[in-house]
2 protein chains.
Amino acid sequence: MPRPDQSAKRRKRLLPIIAQAFAELGYGRATTAELAQRCKVRENILYRLWPNKKAMFVASIDYVYEQSAATWREILADIDDSADAAGRLLKHEAEHHGESGLHRIILAGLSQTDEPEIRDALRSMYGRFHRFIRAQIVAHRKGEDNGTLPDATASAWAIVGLGNLANISRELGLLTDRGRKRLFSDAGRLLLGGKSS
Amino acid sequence: MPRPDQSAKRRKRLLPIIAQAFAELGYGRATTAELAQRCKVRENILYRLWPNKKAMFVASIDYVYEQSAATWREILADIDDSADAAGRLLKHEAEHHGESGLHRIILAGLSQTDEPEIRDALRSMYGRFHRFIRAQIVAHRKGEDNGTLPDATASAWAIVGLGNLANISRELGLLTDRGRKRLFSDAGRLLLGGKSS
DNA sequence: CCTATTCGTAAGTAGCCACTTACAGTATGA
DNA sequence: TCATACTGTAAGTGGCTACTTACGAATAGG
């Protein structure tokens, strides 16, 4: 048998470059020629790794979640006393949300939702973000009364909405850094509820 | 002097059709050929009314705000006793948010922010939404203590975020109608603060 | 060594799309 | 009536882009 297939490793190596390109350029302007150039390969090599451009984009969407989740897991690991984990995550987002620039992939994807694969990838990504945040909220509120608070599901979606708006804000220059911080810390805290105060 | 120029009237007549097309198809798939066909004219006629496709899109973005604002003004006019105006608007959004489908134009625009004209149009649009909502919040909270609430600016951005998430949710099928209602009524109310309770 | 498969390079192609040009018809105001 | 703009029809066109084909070179196992 001849040479072993290195495709999987190579996909893994090139994906960050491709995701970065989609983030910087959007879907349309990230042409396959440009992607290839950034990867320092020819176009047909990309087509040997993914069936088409859409698939490269879907892989990039998944990559966005993986990156965020990895960061969050690190933070949670650092504070295994689990004291106010949700608050720590909120604080982290208040200060570093959107720094990588990868979030622009999501905005690019939202204009391609007529492609079922892309829509599915986005739905799955939002779902994973929501579940993660919801779990944090539930843990945070454990055994408190939560008088007039929205339930954990609604609160989690609202916080996802905060993150989304922060992304758009970064894109359009709507908020200052301070404004974004206050958005996360004040509105975020309010939605979180529980033992904050 | 020969025939008078009807361009302005015509732009006004065609804009809803064009906006609808952008909303349904997104920026890329709304080709100028398609736009012309829907308007029942030839392409070059569109090019006599707008300098290029980008300008047609920018006009459509403005149209989105105008439509929402018109609806809201109607609601406010119906209840000139000004009793809980903000609450009424929230309730309306909880039930009818995104029904027109026009919001998809915004999602389409967010992937074209490398075009300065489009970015400016979006920024202006978000700014107008924010000012409108902020004014409602300020009026709503007038003369209350608002202990740990975010200030009106942050709250207004958070509510803009709710609307945004509701749009995305409609696009991807993240929330049921009931879920969206709870998002607006529970999280929205919480952020609104003041005499709700 | 042989051979099956991967890897790299180069060129090409079919289709689409924003935008243009050319020209004939038509309504207006002086 | 007549010149001057506006209005409509028709047919391009140049450029770009996703994706393909062809082919030789390298590399592994048997």
Side-chain angles (χ1 to χ4, degrees), chain A residues 1-15 17-19 21-22 24-61 105 108-109 111-118 121, chain B residues 1-15 17-19 21-22 24-61 105 108-109 111-118 121:
Chain A
M1 296 252 145
R3 307 168 67 170
D5 190 346
Q6 308 276 33
S7 299
K9 303 213 163 198
R10 211 171 187 192
R11 261 192 294 271
K12 223 173 191 171
R13 228 192 59 228
L14 295 185
L15 184 54
I17 303 172
I18 290 181
F22 277 124
E24 282 177 29
L25 304 170
Y27 189 81
R29 291 165 77 115
T31 65
T32 52
E34 173 79 20
L35 295 176
Q37 202 177 7
R38 289 186 178 219
C39 291
K40 297 196 171 87
V41 297
R42 307 270 167 186
E43 288 184 59
N44 63 338
I45 296 200
L46 295 184
Y47 280 95
R48 291 210 262 249
L49 299 173
W50 290 279
N52 49 42
K53 183 178 168 181
K54 218 189 312 176
M56 305 176 204
F57 189 68
V58 165
S60 300
I61 292 175
I105 292 177
S111 63
Q112 310 292 332
T113 48
D114 32 3
E115 306 278 357
E117 294 96 330
I118 293 181
Chain B
M1 297 246 148
R3 309 166 67 169
D5 190 346
Q6 309 276 32
S7 299
K9 303 214 163 199
R10 211 172 187 191
R11 262 191 293 271
K12 222 172 192 171
R13 227 192 61 228
L14 295 185
L15 185 54
I17 303 172
I18 289 181
F22 277 124
E24 282 177 29
L25 304 170
Y27 189 80
R29 290 165 78 114
T31 64
T32 52
E34 173 79 20
L35 294 177
Q37 202 178 8
R38 289 186 178 218
C39 291
K40 297 195 172 90
V41 297
R42 307 272 167 186
E43 288 185 60
N44 63 339
I45 297 201
L46 296 183
Y47 280 95
R48 284 182 196 154
L49 299 173
W50 289 280
N52 49 42
K53 183 180 168 181
K54 218 189 309 176
M56 305 176 204
F57 189 68
V58 166
S60 300
I61 291 176
I105 292 177
S111 63
Q112 309 292 329
T113 48
D114 32 3
E115 306 278 357
E117 295 95 329
I118 293 181

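Scope of the values below: all heavy atoms of this structure, side chains included, with no hydrogens, waters or symmetry mates. Chain letters run A, B, ... following the sequence lines, proteins first, then strands; residues in each count from 1.
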Worksheet entry | Contacting residues from residues 38-48 of chain A, given that a heavy atom lies under 4.0 angstrom of DNA chain D | A:E43, A:N44, A:Y47

Worksheet item: Does B:R38 come within less than 4.0 Å of B:E24, counting only side-chain N to carboxylate O?
Response: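 Yes, charged N to carboxylate O under 4.0 Å.
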
Worksheet entry | Partners passing side-chain contact (heavy atoms from CB on, under 4.5 Å) against A:A30 (at least two apart in sequence or in another chain) |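 With sequence neighbours excluded, A:A30 shows a side-chain contact (heavy atoms from CB on, under 4.5 Å) to A:F22, A:L25, A:L35, given in chain and number order.
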
Worksheet entry | Between P of D:dT7 and CZ of B:R11, the distance in whole Å |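 Checked: the CZ to P distance equals 11 Å.
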
Discussion item. At less than 4.0 Å, is any side-chain N or O atom of A:T32 found next to OP1 or OP2 of D:dA18? Yes or no.
Written reply: yes

Fill in: Length of the CD-C1' vector between B:Q6 and D:dG8, whole Å
15 Å

Discussion item. Please evaluate residues B:I118 and B:T113 with respect to the criterion side-chain contact (heavy atoms from CB on, under 4.5 Å), reporting the C-alpha separation (whole Å), side-chain torsions for both, the decisive distance (0.1 Å), and the verdict.
Written reply: CA-CA 6 Å; B:I118 293 181; B:T113 48; 5.5 Å; no

Discussion item. Of the options C:dA18, D:dT7, D:dG8, whose atoms approach the side-chain atoms of B:T31 most closely?
Written reply: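 Closest nucleotide to the B:T31 side chain: C:dA18.
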
Practice prompt. Using atom CD of B:Q37 as one end and atom C1' of D:dT9 as the other, report the distance to the nearest whole Å.
Written response: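 In whole Å, D:dT9 C1' lies 15 Å from B:Q37 CD.
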
Discussion item. Over all strands shown, is A:R29 touching base, sugar-phosphate only, or nothing at heavy-atom distances under 4.0 angstrom?
Written reply: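 Touches nothing.
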
Discussion item. In this structure, how many angstroms lie between the P atom of D:dC19 and the CG atom of A:N52, rounded?
Written reply: 5 Å

Fill in: Distance in angstrom units between A:K54 NZ and D:dC19 C1', rounded
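Going from NZ in A:K54 over to C1' in D:dC19 covers 13 Å.
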
Worksheet item: What is the distance, rounded to the nearest whole Å, between atom CG of A:L49 and atom C1' of C:dG8?
Response: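 After rounding, the gap between these two atoms is 13 Å.
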
Practice prompt. Find the distance B:R10:CZ to C:dA27:P and express it as a whole number of Å.
Written response: 14 Å

Practice prompt. Quickly work out the B:K9 NZ to D:dC6 P distance and round it to whole Å.
Written response: 17 Å

